[in-house]
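See below for the structure under consideration.
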Amino acid sequence: MQIPKDLIKEAEKKLQSVKNKSEFYNLRSHYLGKKSFVQNAFRELKNLDGKEKIKIAKSLNHLRAKLTDFFESVDLKVLTTKEEPYIDVTLPVNSNIGKKHPISVVMDLILDYFHNLNYSSYFGNEIESDYYNFEALNFPQNHPARQMHDTFYLNKSLNDKCLLRTILQIHKYI
Amino acid sequence: MFTQVEGLAVDQNISFSDLKGTIIGFIDYFLIRV
């Protein structure tokens with residue numbers, strides 16, 4: 001009984017054209033499942049005798065171990081993630097669908113006026129630190145505005161900032 | 001919800017009249033424009 005030498009290379013090649021999980025599982029059962037070469041060979045082993053049986057059983061086991069390792073080493077996630085086209089959702093849109101929020105409209109009006117006077121505008125942080133939001137303005141420690149039901153706190157603090165800003169005049173003057 | 005705009009002008013020789021002019025000009029533009 002002959003054992004094909006490049007079974008693993010063939011499997012590697014076929015892996016290139018696998019696009020999703022079910023194709024991967026099909027490929028795996030082709031090489032390791034009930035109807036695969038390896039399983040058939042094991043069944044035929046009983047027809048052989050003595051030394052040849054031992055030798056072939058050894059190489060069959062070796063082949064099966066190699067194939068199993070190969071399939072286990074394949075990272076399914078990497079294989080099956082599709083490359084999605086990258087859309088930058090923060091780009092401004094000029095679209096006829098929808099209307100601007102009235103507050104945005106008013107904000108733009110106000111800022112336009114001052115931009116025409118050569119002012120430059122600056123938006124304060126949405127996420128601000130406790131110090132700047134409360135302590136620097138002398139809020140006492142147990143002021144109700146500081147509590148959970150009036151101010152949103154974040155779990156993680158990024159560079160010291162850990163709460164959603166409540167007061168809008170927090171920004172560091174340049 | 002509350003939105004506010006603040007202005008700051010820094011220069012030499014700025015006085016209250018500059019502030020007054022800015023505010024009046026803004027009110028004209030924002031509230032009285034046709």
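A note on names: the letters A, B, ... follow the listed sequences, proteins ahead of strands, and every chain is numbered from 1.
By the neighbour-count criterion of 12 heavy atoms within 6.0 Å, atom NE2 of A:His115 is densely surrounded, having more than that number from other residues, nucleotides or ligands. Other residues, nucleotides and ligands place more than 12 heavy atoms under 6.0 Å from the CG atom of A:Leu91. Atom CG of B:Asn13 has 12 or fewer neighbouring heavy atoms from other residues, nucleotides or ligands inside a 6.0 Å radius.
B:Thr22 OG1 to A:Phe114 CZ: the interatomic distance, rounded to the nearest 0.5 Å, is 7.0 Å. B:Phe26 CZ to A:Ile110 CD1: the interatomic distance, rounded to the nearest 0.5 Å, is 4.0 Å.
Cluster membership for A:Met107 and A:Val105, using ILVMFWY side-chain heavy atoms within less than 4.5 angstrom, is not shared. Follow the hydrophobic side-chain contacts under 4.5 Å out from A:Leu117 and you reach B:Leu31 in the same cluster.
Closest non-hydrogen pair, A:Tyr113 versus B:Gly25, comes out as OH-C, 3.0 Å. Residue B:Tyr29 comes nearest to A:Asp112 through the heavy atom pair OH-CB, 4.3 Å, listed as atom of the first residue, atom of the second, then distance.
Between B:Phe30 and A:Val106 there is a side-chain heavy-atom pair separated by less than 4.5 Å.
Residue A:Asn116 does not touch chain B at all, counting heavy-atom pairs closer than 4.5 Å.
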